2 protein chains.
Amino acid sequence: MNSTAPTTAPAPGPELLMEQLAHAAACYYRSFAVVAGGQGLTLIQGKLLSLLSRPMPMRALAELLGCDASNVTGLVDRLEARGLLRREPDPADRRVKTVLLTPEGEVAVRRIRAEITAGLPGLEQLGDAERRSLSELLGRAFPHGAGA
Amino acid sequence: MNSTAPTTAPAPGPELLMEQLAHAAACYYRSFAVVAGGQGLTLIQGKLLSLLSRPMPMRALAELLGCDASNVTGLVDRLEARGLLRREPDPADRRVKTVLLTPEGEVAVRRIRAEITAGLPGLEQLGDAERRSLSELLGRAFPHGAGA
DNA sequence: CCGATTACTTGACATCCTCAATCATCGAGG
DNA sequence: CCTCGATGATTGAGGATGTCAAGTAATCGG
């Protein structure tokens with residue numbers, strides 16, 4: 001708040017930042033789990049569905065989820081049994097099965113997105129400049145394709 | 001980068017922010033899982049251990065982890081079998097069992113913290129002013145005691 | 001055509017997680 | 001003191017998640 005002194009704040013170390021980041025991540029995933037649970041889905045099922053904004057092969061899902069490919073088989077099995085997504089053979093490579101959302105699945109994803117945004121009111125309280133700043137800092141600290 | 005126009009950036013909507021936040025959270029938890037896995041621990045086991053900076057009853061752990069109390073029984077069972085923590089009866093209330101880290105457990109927690117910080121290099125690349133800014137924005141968007 | 005690699009599946013097995021039920025203990029009211 | 005309701009922890013059943021090893025099918029490079 002003091003704009004005259006050169007040291008406006010004690011300068012947070014990486015440890016404190018990590019703790020805040022952990023808190024933010026926990027809030028996000030907790031909200032996600034609650035919202036997904038409201039539709040009879042687990043957190044990981046909701047996450048898988050929300051990755052399918054465009055169709056992709058099982059292998060890509062496994063990498064994005066950071067888990068074994070055999071695990072994705074079971075996840076997709078259960079979601080396919082509920083009619084939220086389906087497998088489609090890839091004509092270019094018959095080993096590959098492309099996974100895509102059904103209309104029901106799209107509805108579920110839209111509902112999840114909407115409810116999560118509503119469940120994290122802190123993000124909406126930020127002003128335009130603050131959102132720009134946060135977006136830019138997050139993009140810098142977690143560049144796409146890094147650590148993932 | 002253009003400081004003359006009033007609209008310096010397109011102003012990121014809450015949806016984009018959410019996506020970036022999801023990415024940041026995923027990076028954090030992926031790093032956490034990798035680091036914990038390096039010590040033969042699962043993500044949730046590492047999380048439980050890192051909550052024990054001071055001893056607390058099983059019930060408190062269940063609430064912090066956001067899971068059923070019966071689940072904590074199993075988690076603590078396995079970690080106790082490895083000698084990373086132990087149960088201690090509470091003399092004031094004999095229903096309560098206080099959980100605390102063993103020296104080995106403290107070593108494990110310190111190692112996890114150190115490796116996670118090292119595994120998220122993006123945070124260290126930020127300058128002092130940027131860290132202050134990020135810390136303040138995160139603190140505003142995810143106030144303590146909210147959503148958790 | 002052959003061998004190596006890749007995509008997906010299967011089966012075995014450990015862990016995570018919730019629910020319902022149980023036991024022991026605490027606290028308040030008779 | 002003694003019962004009654006509430007609370008902390010555990011147990012057992014059952015489903016979901018996750019890894020690993022093995023197997024099948026298809027692609028790719030020689």
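Computed from a prediction, not measured in an experiment: that's the story for all the values here. Sequence lines set the chain letters: A, B, ... in the order given, protein chains first and strands last, and positions in each chain run from 1.
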Measure [atom1]/[X] against [atom2]/[N] and give the value in whole Å, please.
| X | N | atom1 | atom2 | value |
| --- | --- | --- | --- | --- |
| A:D90 | D:dA25 | CG | C1' | 14 Å |
| B:M56 | D:dA9 | CE | P | 12 Å |
| A:L48 | D:dG18 | CG | C1' | 14 Å |
| B:E88 | D:dG8 | CD | P | 19 Å |

State, yes or no, whether a side-chain contact exists between [X] and [Y] at a heavy-atom distance under 4.5 Å.
| X | Y | answer |
| --- | --- | --- |
| A:R82 | A:L41 | yes |
| B:V109 | B:L101 | yes |
| B:P55 | B:V99 | no |

Close residues, residues 33-44 of chain A, relative to DNA chain D [heavy-atom separation under 4.0 Å]: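 When residues 33-44 of chain A is checked for heavy atoms under 4.0 Å from DNA chain D, the hits, listed by number, are A:T42, A:I44.
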In residues 72-84 of chain B, which ones come under 4.0 Å of DNA chain D, going by heavy atoms?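 Close to the strand are B:T73.
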Applying a strict under-4.5 Å side-chain criterion to I, L, V, M, F, W and Y, I'd like to know whether A:L49 and B:M18 cluster together.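 Yes: a chain of side-chain contacts under 4.5 Å links A:L49 to B:M18.
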Please list, for nucleotides 26-30 of chain D, all pairs of protein and nucleotide N/O atoms separated by less than 3.5 Å.
{"from": "D:dT27", "atom 1": "OP1", "to": "A:R94", "atom 2": "N", "distance (Å)": "3.3"}

Could you list the residues that satisfy side-chain contact (heavy atoms from CB on, under 4.5 Å) with [X], not counting sequence neighbours?
| X | result |
| --- | --- |
| B:R87 | B:M58, B:T73, B:V76, B:D77, B:E80, B:K97 |
| A:T42 | A:I44, A:Q45 |
| B:A33 | B:L43 |
| A:P121 | none |

Going 5' to 3' along DNA chain C, which nucleotides are the first and last within contact of chain A (any atom under 4.0 Å from a heavy atom)?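 The protein-touched segment is C:dT6 to C:dT10.
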Non-neighbouring partners of A:D93 that pass salt bridge (Lys or Arg N to Asp or Glu O under 4.0 Å), sequence neighbours left out: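 With neighbours one apart ignored, the set is A:R95.
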On a heavy-atom basis, which atom in A:T102 and which in A:G83 lie closest, and how many Å separate them?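 Smallest heavy-atom distance, with atoms named: OG1-O, 2.5 Å.
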Could you note down all residue pairs passing side-chain hydrogen bond (donor to acceptor under 3.5 Å, both in side chains) where residues 134-143 of chain B supplies at least one of them, sequence neighbours left out?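 Every pair satisfying side-chain hydrogen bond (donor to acceptor under 3.5 Å, both in side chains) with a residue in residues 134-143 of chain B: A:Q20-B:S135, A:E130-B:R140, B:E136-B:R140.
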Pairs in or reaching into residues 105-122 of chain A: which pass side-chain hydrogen bond (donor to acceptor under 3.5 Å, both in side chains), with residues at least two apart or in two chains?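 Counting only pairs at least two positions apart or across chains, no side-chain hydrogen bond (donor to acceptor under 3.5 Å, both in side chains) contact touches residues 105-122 of chain A.
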How many angstroms lie between atom CG of B:L17 and atom CG of A:L123, to the nearest 0.5 angstrom?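 Those atoms lie 5.5 Å apart.
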What's touching nucleotides 20-22 of chain D from the protein side, N or O pairs under 3.5 Å?
{"from": "D:dC20", "atom 1": "N4", "to": "A:S70", "atom 2": "OG", "distance (Å)": "2.6"}

Please check if the side chain of B:S50 supplies one atom and the backbone of B:G46 the other of a donor-acceptor pair under 3.5 Å.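 Yes, the answer is positive, given that a donor and an acceptor are paired below the 3.5 Å cut-off.
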Under 6.0 Å between ring centres: does that hold for A:F142 and B:Y28?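 Between A:F142 and B:Y28, the centre distance exceeds or equals 6.0 Å.
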